[in-house]
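The block underneath contains the structure these notes are about, expressed in structure tokens.
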Protein chains: 2
Amino acid sequence: MTEGAARLRQPSMADVARTAGVSAQTVSRALRGSPNVNPETKRRVLAAVDQIGYRFNSAARALSSGRSHTIGLVLLASGGYYSRSAVTAGVEAAAGEAGYAVSIATIAALDTGLMERSLSKLADQGVDGFVIAVPLISVTPKMEDITRDIPTVTLDGSRTAGARVLGIDQQEAGRVATQHLLDLGHRQVWHISGPDEWIEARQRRQGWQECLAAAGIEAPPPLEGDWSPDSGYRQGQIIAMIPDVTAVFVASDEMAFGVIRALRERGRSVPDDVSIVSVDDIALAAYGSPPLTTVRQDFYRYGAAAVALLLRGDDAGVDESVVTASLSVRASTAPPRSG
Amino acid sequence: MTEGAARLRQPSMADVARTAGVSAQTVSRALRGSPNVNPETKRRVLAAVDQIGYRFNSAARALSSGRSHTIGLVLLASGGYYSRSAVTAGVEAAAGEAGYAVSIATIAALDTGLMERSLSKLADQGVDGFVIAVPLISVTPKMEDITRDIPTVTLDGSRTAGARVLGIDQQEAGRVATQHLLDLGHRQVWHISGPDEWIEARQRRQGWQECLAAAGIEAPPPLEGDWSPDSGYRQGQIIAMIPDVTAVFVASDEMAFGVIRALRERGRSVPDDVSIVSVDDIALAAYGSPPLTTVRQDFYRYGAAAVALLLRGDDAGVDESVVTASLSVRASTAPPRSG
DNA sequence: TGAGCGTATGTTATCGATGCCATGAGTAAC
DNA sequence: GTTACTCATGGCATCGATAACATACGCTCA
């Protein structure tokens, strides 16, 4: 009964209520900004909170309200650390603004089992929604079960039960890049794409194909990398062996670094012999040699937009497009030698 | 009273108990792997879980057990997306393995107020521990209050009340880099450091200074960047104006890209005129031109080690060092021209 | 003036898992 | 054969916030 004994327990709403001389319910209302609270009462409650150092218990809130105010973000460990990082920041910023926490799950590889496990893990954590920034190669029944129950937004265009899709127009990126090369006077444009499992990769490739088709050019067979500089290097070696290649559209900046190195090593200069356009505009793009001409991607904004779409509620199943493909023209492109 | 009506509520432990013909308490024990459960009973429980699709409610668990099984990770939005990304992945992997979720908070800039807010936010979410991967420029009383109550590991060597420190020996990185240049025959090594608020930056600089001192060389004044390629470019322009510079130790790969470009533009070739060593070994380091000689940093491992240290409990206040600075020698370094 | 309504507040039951204590069955020891 | 102890299990209170319902007051308008 030592009233003065050190208090080990964190103060609770009841403690605040006692201090402020109101009921716990009123404290709850005051703190959540319910309209029906006397301003004076609210002031007293806030003062009490401050005085006793109250910090609200989100577990209790989650239990009684049934909502955790947490968003689960699913990422892929491989596949460009830049985009991952930027998407994460965007998601977190938008979520934080709306009072949501962000819990992450990274999957090591594009594998259905790993994906199921990650979704499960986040679902067990009680997330209120998912942002999936990984291509859903194939959607299993188990995954559908989860995304049917929990609102989901996918960032790469893959569809699953109940999920909404943040449509980023990657075809446009492909078109813009290809058109830039054609505008410079190139008569043919080769392509090194990302892995075929990625919808981004497929869409960029489609944009490239369409653009060539519109110009009446038959597209050469596309080569495929895995987003890594290393894979770009390998595909670049192949390109270097093909005569008459004057322009290549590479699906990511990191691969482009590899491609350029491979071309250089074979005596093909960029941009004098071969022009390169890529996609992403990472911080280092301006510091390649030559600096890369590239289609800017605003990953931060994509992340934020995904959260906005997720939280907006089920008012519409409408997809939404946020991209505006803008080209950063630098020094990796030039008119072909013979004009 | 329509027993057959669709069940909207998620199944709870009580439902599992009913199905398996045991008490809820036994279900709880069975699922958490308590030793005192009959294997047969356990089997029945697991079968019931499977049958009715039970998914445990982490909010309820957190409330009654007082622990959320969540780790809060604090990151800085600027300052190298590669390290951020890799640290995150490492933290998440190690946490996941131990049954912990990871909740992130990114702060936009090195600002005490932002830091306080982020820690608060995570504390409100009820995280069981912090991994702070941001330099704590100055530790405020409010921050101390939080880190005193909640176990904390800092990844960059800054100290706060009750926090343990994962000591990564960045001095060693500085020494290794500098020594490599001296071994090649350079008589003087310049340095472009990271921002002074970062302990990493300070430690690398110290390592560089010590190494020079040990060789009886007086260190030139260090230049300071902000980790970005852009800042490397600006400092590189300054370096380029100084005659007789033959070797530079740059505190990060990204800055090194900028430095090399600046030197090139001023007609100084790398590595013929100037050798460059940096730190990090990001994926693109091998694809710079020239490919960068750089000290490898295993950020993923740092992240994982931080979690291990955090979860190991308070058995010791001992710091722990996990770094082994290993040099990736590539083409940005060479003996000085005059031998 | 009293029915009706809106506002501010209190009371109680509830969310779902777990901590603590109790119980009964089996078994080893004296 | 009683004591003592372990193992498997159940009952109940509890964590802290909130939803749902209840109450009290004051105002408006017929």
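Below, chain A is the first sequence line, B the second, and so on; all start at residue 1.
If you measure from atom NZ of Lys42(B) to atom P of dC7(D), you get 16 Å, rounded to the nearest angstrom. The interatomic distance linking Arg55(A) (CZ) with dC15(D) (P) rounds to 21 Å, in whole Å. The CG atom of Asn38(B) sits 5 Å away from the P atom of dT9(D) (whole-angstrom rounding). Rounded to whole Å, atom P of dC15(D) lies 11 Å from atom CG of Asp15(A). Rounded to an integer number of Å, the gap from Arg61(B) CZ to dG16(D) P is 18 Å. Between the P atom of dC15(D) and the CE atom of Met13(B) lies a distance of 19 Å, rounded to the nearest Å.
If you take CZ on Arg61(B) and CG on Leu63(A), they are separated by 13.5 Å, rounding to the nearest 0.5 Å. To the nearest 0.5 angstrom, Thr19(A) atom OG1 is 4.0 Å from Ile52(A) atom CD1. Distance check, rounded to the nearest 0.5 Å: CG of Leu73(B) to CD1 of Ile104(A) gives 6.5 Å. Separation of atoms CG (Asn57(B)) and OG (Ser12(B)) is listed at 9.0 Å; rounding is to 0.5 Å. Note that CG of Leu76(A) is 12.5 Å distant from CD1 of Ile132(A), once rounded to the nearest 0.5 Å.
Using a 4.0 Å cut-off between charged side-chain N and carboxylate O, Lys142(A) and Asp145(A) make no salt bridge. Between Lys121(B) and Asp124(B), none of the side-chain N atoms (NZ, or NE/NH1/NH2) sits under 4.0 Å from a carboxylate O, so this pair counts as no salt bridge.
Out of dT18(D), dG16(D), dG10(D), the shortest distance to the side chain of Gln25(B) is found at dG10(D).
Note on Ser58(B): nothing from the nucleic acid sits closer than 4.0 angstrom, heavy atoms only. Nucleic acid contact class of Asn36(A) (heavy atoms, under 4.0 Å, all strands): base. Within the nucleic acid shown, Val22(A) comes within 4.0 Å of sugar-phosphate atoms alone, with no base atom in reach, counting heavy atoms only. The residue Arg32(A) sits close only to the backbone: its heavy atoms come under 4.0 Å of sugar-phosphate atoms, none of a base.
Side-chain contact between Thr140(A) and Met115(A): absent, with no pair of heavy atoms (C-beta onward) separated by less than 4.5 Å. Under the 4.5 Å side-chain criterion, counting only non-hydrogen atoms from C-beta, Gln125(A) is not in contact with Thr70(A). Taking 4.5 Å as the limit, every side-chain heavy atom of Phe56(B) sits out of range of all side-chain heavy atoms of Leu31(B).
Rounded to 10 degrees, the angle separating the terminal helix axes of the helix from dT1(C)-dA30(D) to dC30(C)-dG1(D), each built from five base pairs, is 40°.
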- Between Arg18(A) and Asp15(A), does a side-chain contact (heavy atoms from CB on, under 4.5 Å) hold up when you go through it step by step? CA-CA 5 Å; Arg18(A) 207 168 310 122; Asp15(A) 300 317; 3.2 Å; yes
- Message: If you apply the rule side-chain contact (heavy atoms from CB on, under 4.5 Å), what do you find for Leu119(B) with Phe130(B), and how did you get there?
- Response: CA-CA 8 Å; Leu119(B) 289 177; Phe130(B) 286 109; 3.7 Å; yes
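Between Arg29(A) and Ser12(A), it is Ser12(A) whose nearest contact on DNA chain D lies nearer the 5' terminus.
For DNA chain C, the span of nucleotides reached by chain A at under 4.0 Å from its heavy atoms goes, 5' to 3', from dA8(C) to dG16(C).
For DNA chain D, the residues of residues 62-69 of chain A within the heavy-atom distance limit of 4.0 Å (strictly under) are Leu63(A), Ser64(A), sorted by number.
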